[in-house]
Amino acid sequence: EFEQSGALEKIEEEKRTHAKFREIQADREANYLEQQKQLEQDMDAVCSICGDGEVTPENQILFCDTCDVAVHQMCYGITRVPAGDYHCLACRHLGRDKLGRKNCLSKNKVSVQPLPIACEMCISPQKPGAFMRTNMEPMVDSDGENQEPVDTAKWVHVVCGKWHGLNFVDNSKPDLLEDITELRDSFRQQELRCELCLGERGCLVKCIDEDCNKHFHVTCVRAVGTCEVNHGEDCHGDVTENPWTLKCPAHSDASKIPKNVESDLKRKNFLTVEKLVEMAQKLPPEARPKPKPQPVEMVPFNRASAEEQKMLLNDPAYEKALLHELTMNRSAGLRCEVCDLVCDGKQLVKCKFCKETVCRGCLIPSDNATERCIKCKHAKAGEVAPTCVGCHCPHGPLRPCFARPVNMGPWTKRKGSIEKSLFAKAKWIHSLCGLWNPKIFFSPKETGKLDLVNVIMAHGKGFVEERHPCAVCGMTFGLKIQCCRYRCETYFHATCARQVGLEVRESMEGNVATPYVKCYRHVGNEFNIRARLEDLYEIEKTRRKEKPLNFVEAARIMNAALPIVRILGWAWRWAEWWVDYDQSWEPLLEPGQKEKDMTKEELRIVDSTRESRCEDARQCRLIAFGAALRNRLYDEDDDFDREALDRALRAFLNTKSLVGPLDKDEIDFHADWLGRAY
């Protein structure tokens with residue numbers, strides 16, 4: 001009490017310093033003991049893949065600084081020992097390498113949770129085990145979305161992969177194993193299960209004894225420690241004596257069980273059979289895969305039953321041969337490429353070479369209709385195929401044409417200039433482009449040729465009305481016709497209007513046929529996409545579904561589906577019109593039905609607004625789908641991406657505001673035949 005206040009403060013400070021020093025000393029002693037304990041475990045550690053604890057200078061055992069899994073360099077594909085921290089593939093993929101193994105000097109230790117992944121080939125009894133990703137596709141639900149939105153990676157134990165001979169997807173990057181779906185499904189089809197854990201999951205290995213039919217998970221056998229297991233690798237490389245074989249407990253020789261089982265017991269990795277069964281029961285059994293379709297005898301299509309036809313059409317080669325027969329040799333339901341009317345086969349003339357089809361009503365006597373069209377008759381060997389002077393469409397029936405200037409005076413003064421003008425280039429024109437333009441007529445002097453003198457400008461550099469762009473392709477060049485509706489200022493190339501599905505027809509006034517075209521806003525009911533799908537399904541409804549298809553019915557369905565796919569290929573253009581103006585659809589009534597006595601649900605009317613149609617177009621990716629069809633992005637070397645096309649078609653067919661409320665049978669029917677039409 002006689003000491004000064006300054007001395008008392010100094011004494012208190014020394015006490016705090018001594019207490020802090022003792023605390024640091026205690027932490028150092030605890031950390032030292034922990035390091036010694038860890039060192040003892042590391043010295044006694046074995047590779048979690050091969051089970052061997054020996055090392056060589058070129059093949060050391062490395063420990064993951066996060067999950068502490070021990071692996072040989074050669075077993076895990078590590079070419080050299082990293083200079084700093086080492087983390088396994090699973091910890092790096094999951095971002096756990098940022099945690100790392102906390103320094104022993106840190107007082108606040110962060111506990112690292114077990115890896116949140118499971119092996120697809122076993123019940124994951126080991127803790128934690130060395131994992132590697134496999135090239136399995138994620139699960140997909142009915143809406144086409146991943147069931148695992150966060151991380152769809154699938155993992156397997158490296159030891160499981162080695163025992164089943166899995167290969168790397170890319171040998172230069174040993175971090176991704178091949179898909180195991182078919183391998184795993186083969187065990188489910190055989191209804192096999194592990195004799196230790198009783199689990200019906202993953203991939204199994206049979207006991208090497210010939211008379212024994214027991215199967216096991218590799219990790220289950222290694223975990224119980226009562227089975228003879230001969231891993232195919234050790235620290236020195238490949239094992240030569242009975243590699244990759246195991247024996248069940250009944251056929252195992254206890255003296256040949258590897259010594260590392262004792263170390264496993266010390267490390268508390270030993271699991272009883274009861275524990276394995278308990279672990280397996282917590283996991284649901286894997287769904288048994290659908291059996292592969294049995295091979296069907298390749299009988300002719302018209303002789304097969306309805307069930308056999310479905311199975312035969314699952315064979316791409318058979319389906320391709322059938323489609324060739326329907327499109328090349330069958331004329332039922334075929335449309336004239338000029339007037340777009342469905343004609344009887346006897347009224348159609350198909351060119352033997354270019355396969356273009358025209359009805360006899362769209363030909364003139366001088367055409368002398370035979371097996372060869374006018375274009376192919378005039379074509380000479382080695383010459384470039386003729387093209388239409390009035391549009392950019394490379395397909396369709398062509399007809400010869402010509403044009404001469406009304407006044408030849410200015411052209412005679414400029415020698416060679418007429419050869420560069422449209423008067424010289426006007427040699428061929430689509431029948432559709434020529435016959436649908438009211439200013440073009442057949443020449444009385446040159447039989448069978450169309451005279452274009454009234455549609456070419458006097459200077460020969462362009463067409464009349466060329467200042468108006470085509471509402472479909474947007475090009476100003478070429479011959480265009482105007483929508484026939486009064487005061488409608490929409491212009492089209494006739495071929496563009498036909499391809500996009502607009503009304504390009506003829507109206508009969510007495511005995512005179514007057515060609516016309518209508519824009520999207522003014523087309524009739526039968527020309528919108530929903531009505532075309534209904535007409536397609538009507539062919540299926542009018543026949544007895546339980547009976548097999550014949551060639552005539554199949555050809556009608558195919559020839560009705562082809563123009564729908566062609567129109568869908570232009571969806572990148574007409575989708576905007578549909579969003580802005582909807583479509584001119586009217587209910588299809590059955591005999592005896594009255595529209596006024598029916599509800600909207602019975603009439604299958606779907607109300608929509610511009611905003612809702614815009615959202616629906618985004619949901620089904622209508623514009624992207626149309627562009628993919630037009631650019632043939634689903635094509636592959638010998639076939640096409642059937643799954644991707646089917647998903648896109650079903651997304652389109654589930655858009656009620658565009659195609660109406662279709663049931664499952666209608667969607668399946670349209671998806672199948674539109675895919676074949678593609």
Side-chain angles (χ1 to χ4, degrees), residues 301-302 306 309-310 313 319-320 322-348 350 355-359 395-396 497-505 523-545 547-571 574 583-588 590 604 625-626 629-630 645-646 648-650 652-653 655 658-660 662-663 665-678:
F301 184 77
N302 56 339
Q309 285 182 350
K310 292 181 180 179
L313 288 175
E319 183 184 45
K320 186 176 181 179
L322 174 65
L323 297 182
H324 183 274
E325 172 70 20
L326 296 179
T327 54
M328 295 299 174
N329 303 327
R330 303 290 171 170
S331 58
L334 203 59
R335 292 179 177 270
C336 171
E337 295 188 40
V338 179
C339 65
D340 198 37
L341 295 178
V342 178
C343 302
D344 183 23
K346 297 180 180 180
Q347 298 298 320
L348 293 172
K350 178 182 283 190
K355 305 301 181 183
E356 290 171 352
T357 308
V358 182
C359 69
H395 310 291
R498 174 64 58 76
Q499 290 184 64
V500 82
L502 300 181
E503 189 171 354
V504 185
R505 289 289 178 86
V523 294
N525 170 58
E526 62 181 298
F527 294 93
N528 62 74
I529 195 71
R530 178 173 178 180
R532 291 179 184 272
L533 289 172
E534 289 176 347
D535 293 342
L536 174 60
Y537 193 68
E538 191 68 20
I539 303 174
E540 176 73 1
K541 288 172 62 178
T542 52
R543 74 175 193 88
R544 296 183 63 181
K545 294 183 180 179
K547 285 193 172 183
L549 277 170
N550 55 41
F551 280 121
V552 173
E553 293 168 339
R556 284 176 180 167
I557 294 174
M558 176 54 59
N559 288 320
L562 284 169
I564 296 177
V565 175
R566 183 191 64 205
I567 294 169
L568 285 176
W570 284 88
W574 58 257
Q583 53 188 348
S584 57
W585 174 83
E586 296 176 2
L588 181 65
E590 300 292 340
R604 307 182 77 177
F625 178 45
L629 289 176
R630 182 168 177 79
L645 178 60
D646 186 71
L649 283 170
R650 291 180 183 275
F652 158 72
L653 294 169
T655 307
L658 180 58
V659 302
L662 303 179
D663 58 32
D665 290 340
E666 291 176 301
I667 292 175
D668 292 342
F669 170 80
H670 286 123
D672 289 343
W673 281 99
L674 293 179
R676 295 183 183 119
Y678 172 84

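Since the structure is predicted, the reported quantities are computational estimates derived from the model, not experimental observations.
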_Qualifying side-chain hydrogen bond (donor to acceptor under 3.5 Å, both in side chains) pairs, either residue in residues 669-678, two or more places apart_ = E319-R676, D635-Y678
Salt bridge (Lys or Arg N to Asp or Glu O under 4.0 Å) partners of [X], counting only residues at least two apart:
{"X": "R630", "answer": "none"}
{"X": "E538", "answer": "K541"}
{"X": "E586", "answer": "none"}
{"X": "E503", "answer": "none"}

*Within the distance-only criterion (no hydrogens, no angle test), does the side chain of Q583 pair as donor or acceptor with the backbone N or O of L658 below 3.5 angstrom?*
yes
*Look at the side chain of E337 and the backbone N and O of T357, then say whether any donor-acceptor pair between them is shorter than 3.5 Å.*
yes
Which atoms form the tightest heavy-atom contact between [X] and [Y], and what is the distance?
{"X": "C359", "Y": "C336", "answer": "N-SG, 3.3 Å"}
{"X": "L562", "Y": "N559", "answer": "CD1-OD1, 4.0 Å"}
{"X": "A571", "Y": "G626", "answer": "CB-CA, 3.9 Å"}
{"X": "N525", "Y": "A531", "answer": "O-CB, 3.2 Å"}

Residues in side chain to side chain contact (heavy atoms under 4.5 Å, CB included) with [X], at least two apart?
{"X": "A332", "answer": "V552, A555, R556"}
{"X": "D668", "answer": "R650, K664"}
{"X": "S584", "answer": "V523, N528"}
{"X": "R335", "answer": "D340, V342, R505"}

*Quick one: do L674 and L533 satisfy side chain to side chain contact (heavy atoms under 4.5 Å, CB included)? Show the steps, please.*
CA-CA 10 Å; L674 293 179; L533 289 172; 4.2 Å; yes
Heavy-atom side-chain contact between [X] and [Y] under 4.5 Å:
{"X": "I564", "Y": "I567", "answer": "no"}
{"X": "F669", "Y": "L536", "answer": "yes"}
{"X": "L629", "Y": "L645", "answer": "yes"}

_My understanding is that only residues two or more places apart in sequence, or in another chain, count here; which of them pass ring-ring contact (aromatic ring centres under 6.0 Å, His included) with F301?_
F551
*Considering residues at least two apart in sequence or located in another chain, which fulfil the ring-ring contact (aromatic ring centres under 6.0 Å, His included) criterion with W585?*
none
*Counting heavy atoms not belonging to K346, are there more than 12 under 6.0 Å from its NZ?*
no
_Heavy-atom neighbours of K350 NZ exceed 12 at 6.0 Å_ = yes
Gap separating the [atom1] atom of [X] from the [atom2] atom of [Y], nearest 0.5 angstrom:
{"X": "R566", "Y": "Q499", "atom1": "CZ", "atom2": "CD", "answer": "6.5 Å"}
{"X": "T655", "Y": "I529", "atom1": "OG1", "atom2": "CD1", "answer": "11.5 Å"}
{"X": "R330", "Y": "L322", "atom1": "CZ", "atom2": "CG", "answer": "9.5 Å"}

_Going by side chain to side chain donor-acceptor pair (under 3.5 Å), name the residues that satisfy it together with Q309, two or more places apart in sequence or in a different chain._
none
*Could you walk me through whether W574 and L568 pass the side chain to side chain contact (heavy atoms under 4.5 Å, CB included) test, one step at a time?*
CA-CA 9 Å; W574 58 257; L568 285 176; 4.1 Å; yes
*NZ/NE/NH1/NH2 to OD/OE distance under 4.0 Å, E666 and R604*: yes
